[in-house]
Amino acid sequence: MRVTENCGGCGMCVMAAPRYFHLVDGLSQALLSEVDPDDAVLAAAELCPMTAIEVFDADTGAAVTPTP
């Protein structure tokens, strides 16, 4: 997973998945690039109003969440 430059720093991802995201200088950063499947990460991606969170399948590279 990764947070793109589209991040607006609203913090929805931190509220949805605090184990995986934090804010640095007002913008979100993923704490890890690879994580085990977790509904919280998918929820964070879906809640992001800027669609700045991209989640990919580690084995296939296919997008797991919609990308802009």
Side-chain angles (χ1 to χ4, degrees):
M1 75 176 164
R2 73 181 189 105
V3 179
T4 71
E5 64 279 352
N6 295 336
C7 178
C10 74
M12 293 296 291
C13 58
V14 176
M15 288 187 288
R19 292 179 48 208
Y20 301 104
F21 299 95
H22 67 271
L23 294 178
V24 175
D25 295 328
L27 297 175
S28 179
Q29 288 188 355
L31 294 172
L32 304 165
S33 60
E34 288 190 26
V35 298
D36 290 329
D38 192 315
D39 288 340
V41 172
L42 297 177
E46 293 295 327
L47 288 170
C48 180
M50 304 304 290
T51 60
I53 299 171
E54 297 177 339
V55 181
F56 300 94
D57 183 291
D59 293 328
T60 66
V64 176
T65 55
T67 55

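When reading the values below, keep in mind they use all heavy atoms of this one structure, side chains included, and skip hydrogens, waters and symmetry mates.
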**Report entry** Validation row: Arg19, Leu31 side chains within 4.5 angstrom (heavy atoms)
**Finding:** no

Using residues 22-29 as the side-chain source, report each donor-acceptor pair under 3.5 Å to any protein atom, sequence neighbours left out, with the distance given to one decimal.
none

Report task. Taking all non-hydrogen atoms of both residues into account, name the closest pair between Ala52 and Cys48 and its distance. Result -> N-SG, 3.2 Å

Query raised in the report: Which distance, rounded to the nearest 0.5 Å, do you find between the CE of Met15 and the SG of Cys10?
Result: 6.5 Å

Report summary line: Looking only at heavy atoms, the pair that brings Met1 and Ala30 closest together is CE-CB, 4.1 Å

Report task. List the atom of Phe21, the atom of Ala44, and the distance in Å for their closest heavy-atom pair. Result -> CE1-CB, 3.8 Å

Query raised in the report: What distance do Glu46 atom CD and Thr65 atom OG1 have between them, rounded to the nearest 0.5 Å?
Result: 6.5 Å

Query raised in the report: Quick one: side-chain contact (heavy atoms from CB on, under 4.5 Å) partners of Asp57, sequence neighbours excluded?
Result: Asp59, Thr60, Val64

Output a table of donor-acceptor pairs, distance under 3.5 Å, between side-chain atoms of residues 33-42 and any protein atom two or more places apart or on a different chain; print 'none' if there are none.
unit_1: Asp38; atom_1: OD1; unit_2: Ala40; atom_2: N; d: 2.7
unit_1: Asp38; atom_1: OD2; unit_2: Tyr20; atom_2: OH; d: 2.7

